[in-house]
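Worth knowing before you read on, the calculation uses all heavy atoms, side chains too, and leaves out hydrogens, waters and symmetry mates.
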Amino acid sequence: MKLNCNVIRDLLPLYADQICSGESRELVDEHLAECGDCSALLRQMRSTEIEIGLKSETENVLRRQASFFKRKSAAIGAIIAGIFMIPVLVCLIVNLASGAALDWFFIVLASLITAASLIVVPLMVPENKFLWTLGTFTASLLLLLGVICIYTQGRWFFMVSSAVLLGFSVCFLPFAVYTKPLRTLLGHQKGLTVMCSATMLFGLMMLCIGLYTKSPAFWRIAPAISLPILVFMWFLFLFVRYAKLGRLLKAGICTAIVGVFSFFADCLINKWLGIVKPLPVFRPFVWKASTIDGNVKWLLLLGCSLVGIILIVFGVCRSAKEKR
C-alpha cells in the first residue's frame, strides 16, 4: 500500500488536471476508492487549485477595472483640457481683434495652466499622481508669477518665487518623500532631505529679500533673527532623529526645550543686536497691550514645562517597565 500511495501521489497532479492516460485514471480511481489519505490529498489539491483560480480571476477583474478607470480618467481629463482651451482662444481672438498687446492673453493662459495642473494632471497621469500634480502646479505657479512680473515690469519675481518654494517644501515635501519613487531613492534619509531642502530654500529666500530691499540694515538684522531659529530647528531634528531615547522621553524633552526657547529667544536675539531688553513680566490678571506678550510667553513656558515633565515621567516609567 505504501508503494502504491507513493505512485498514486505522483499521478494525482495529472489526475486532477485530467491529462493522464485512461489506464492511469483507472488505477487512481481504484486506489482512491480504498485509500482515504490519497482522497483527502486530492480534495486538498483541488481546493488549492480553486483558490488559485479565484485569485487569478479576481486579479484579472481588478486589472481590467483599473485599466477601464484609467482610460475613463484620461478621457475626462482630455475633455476638461479642451474646455480650458475655450477661454484661451476667446482671449486670443479679443486681443487680436482689438489690436491690443498679448499681455493679458499670456496671463490668462498661465492662469489656466495653473488650474489645469490641479484638475487635468491627476486625471491624465496613470501613476505617481501626487508628485506629478505637485511638480506641475509648482512650475505653472512660477510661470504665472513670472508672466505677471514681466507684465507689471516688477523685479520681485525671485523674492516671491523663493518664498513660494519654501512654503511648498515645508507643507508638501514631508509627504512627497514618502511616495514610491522618492521613498525608494532616499531610503532612510527622508527627514534629512526635507530639512536640508527647507534650509537651503530659506537661505535662498533671505538672499532674494536682501537683494530686493537693498538695505544694509537687513544683512545685520536678518541673520540675528533667522540663524538662532535655524540652529534650534536643526537641534530638535537631530535630537529626535538620532537620540537613543524612547518616544515619550524625546517628546517631553523637546516640549520643555520649546517652551524655554520661546521664552528667552526674544531677549537673546535683541542682545545679539545690541538692544537690552528685560525678561518678560508675568501679570496674569492684567491683559492689555503692554502685558500680552509677557503673559503669553510665561504661559507658554509654564505649559510646555508641565507637559514636558509629565511626558518625561511617563517615558522614564515605560523605559523602566520595558527593562524588567
Side-chain angles (χ1 to χ4, degrees), residues 162-163 165-175 177 189-210 213 217-319:
S162 60
L165 291 175
L166 175 62
F168 278 16
S169 69
V170 172
C171 294
F172 301 116
L173 192 56
F175 303 99
V177 294
Q189 306 302 324
K190 294 184 284 292
L192 186 61
T193 301
V194 172
M195 285 295 297
C196 289
S197 300
T199 302
M200 290 187 293
L201 289 172
F202 179 79
L204 176 63
M205 182 189 70
M206 298 302 290
L207 175 63
C208 292
I209 293 173
T213 58
F218 175 83
W219 300 108
R220 181 177 63 88
I221 297 174
I225 296 175
S226 58
L227 285 179
I229 298 175
L230 280 177
V231 171
F232 178 68
M233 296 302 296
W234 269 99
F235 168 76
L236 287 181
F237 168 74
L238 294 174
F239 177 77
V240 172
R241 181 68 177 82
Y242 297 106
K244 303 296 183 182
L245 298 173
R247 294 182 178 180
L248 287 176
L249 275 175
K250 287 182 181 181
I253 294 172
C254 288
T255 303
I257 291 175
V258 167
V260 174
F261 179 81
S262 301
F263 185 81
F264 290 102
D266 193 20
C267 295
L268 294 176
I269 291 173
N270 278 281
K271 187 175 182 180
W272 186 358
L273 293 172
I275 303 172
V276 178
K277 186 174 182 179
L279 291 175
V281 179
F282 190 37
R283 296 178 181 176
F285 301 107
V286 180
W287 288 85
K288 54 184 182 179
S290 59
T291 62
I292 288 178
D293 181 71
N295 289 341
V296 170
K297 288 180 178 178
W298 271 101
L299 290 175
L300 187 62
L301 174 64
L302 295 174
C304 289
S305 300
L306 178 61
V307 173
I309 292 172
I310 293 173
L311 290 174
I312 290 172
V313 171
F314 276 103
V316 171
C317 294
R318 174 174 290 186
S319 298

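- Nearest heavy atoms, S262 versus L300: CB-CD2, 3.4 Å.
- Under the rule for a side chain to side chain contact (heavy atoms under 4.5 Å, CB included), the partners of R241 that lie at least two apart in sequence or sit in another chain are H188, F237.
- Sorted by first and then second residue, the ring pair (Phe, Tyr, Trp, His ring centres under 6.0 Å) pairs with a member in residues 266-290 read F282-W298; sequence neighbours excluded.
- Between L166 and A198, the shortest heavy-atom contact is CD1-O, 3.5 Å.
- For F232, the CZ atom sits in a packed shell: over 12 heavy atoms of surrounding residues, nucleotides or ligands are nearer than 6.0 Å.
- Every salt bridge (Lys or Arg N to Asp or Glu O under 4.0 Å) that D266 has, sequence neighbours left out, goes to K277, K297.
- Applying the salt bridge (Lys or Arg N to Asp or Glu O under 4.0 Å) rule to K190 yields no partners; only residues at least two apart in sequence or on another chain are considered.
- A pairwise comparison of heavy atoms in C267 and L279 identifies SG-CD2, 3.7 Å as the closest pair.
- Residues P174 and S169 come closest through the heavy atom pair CD-O, 3.3 Å.
- Within the model, atoms CG of L301 and CZ of F261 stand 13.5 Å from one another, a figure rounded to the nearest 0.5 Å.
- Sorted by first and then second residue, the pairs that involve residues 219-234 and meet side-chain hydrogen bond (donor to acceptor under 3.5 Å, both in side chains), not counting sequence neighbours, are T199-W234.
- For L204, the side chain to side chain contact (heavy atoms under 4.5 Å, CB included) partners are S162, L201, C208, not counting sequence neighbours.
- In plain terms, the two heavy atoms of S319 and L249 that are nearest each other are OG-CD1, 4.1 Å.
- Classification of the F235-F239 ring pair by plane angle, with boundaries at 30° and 60°, yields parallel.
- Here the shortest heavy-atom pairing between C254 and V240 reads SG-CG2, 3.6 Å.
- Under the side-chain contact (heavy atoms from CB on, under 4.5 Å) test applied with I257, the options T255, V260, I253 reduce to a single match, I253.
- Counting heavy atoms from C-beta on, the side chains of L248 and I312 never come closer than 4.5 Å.
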